[in-house]
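What follows is a set of notes on a single structure, which appears directly below.
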Amino acid sequence: MACTQPERYAIRRLEDGLFLAVQGTDQQVALVAEPGEAYLFHTHEAALRAALQLNSSGRGPVDVVKIEWEPTPGGVASAGVAEPASLRG
């Protein structure tokens, strides 16, 4: 079943604004500049859990941002930052 909701959430580093992505066969965390290349969470709660875990383990500071995700007929999505979804509120 395809998900039709356009909202997604990504984790962004506060120090430089880069997004976190999961890349490679070993699924290493990488930094990317474009929100469409970031790992996109389907729920705010899942993104928040991951961000809090990264911050508590000393891998932050990071925050959660809402991404406007638009699927296209070819299966490729366009994405842009909608607003901070913030850990603080």
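In terms of heavy atoms, Asn55 sits closest to Gly60 at OD1-CA, 3.3 Å. When every heavy atom of Pro35 is checked against every heavy atom of Leu40, the shortest pair comes out as O-CD2, 3.7 Å. Nearest heavy-atom pair, Ala38 versus Ala21, reported as atom, atom and distance to 0.1 Å: CA-CB, 4.1 Å.
With rounding to the nearest 0.5 angstrom, the CG atom of Leu31 is 11.0 Å from the CZ atom of Phe19. Of the inter-residue distances, the one linking Phe41 atom CZ with Arg49 atom CZ reads 9.0 Å to the nearest 0.5 angstrom.
Contact of the Val22 side chain with the Gln28 side chain is not registered, since no non-hydrogen atoms from C-beta on lie closer than 4.5 Å.
Under the 3.5 Å distance criterion, the side-chain polar atoms of Asp63 are left unmatched by any main-chain donor or acceptor of Ile11.
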Test log, rule side chain to side chain contact (heavy atoms under 4.5 Å, CB included), inputs Ile67 and Glu7: CA-CA 6 Å; Ile67 304 294; Glu7 295 176 356; over 6 Å; no

Applying side chain to side chain contact (heavy atoms under 4.5 Å, CB included), run through Leu54 and Val29 and close with a yes or a no. CA-CA 11 Å; Leu54 287 166; Val29 174; over 6 Å; no

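For residues 13-33, the salt bridge (charged side-chain N to carboxylate O under 4.0 Å, His left out) pairs, not counting sequence neighbours, are Arg13-Glu15, Arg13-Asp16.
Applying the side-chain contact (heavy atoms from CB on, under 4.5 Å) test to Ala30 and every residue at least two apart in sequence or in another chain returns Gln23.
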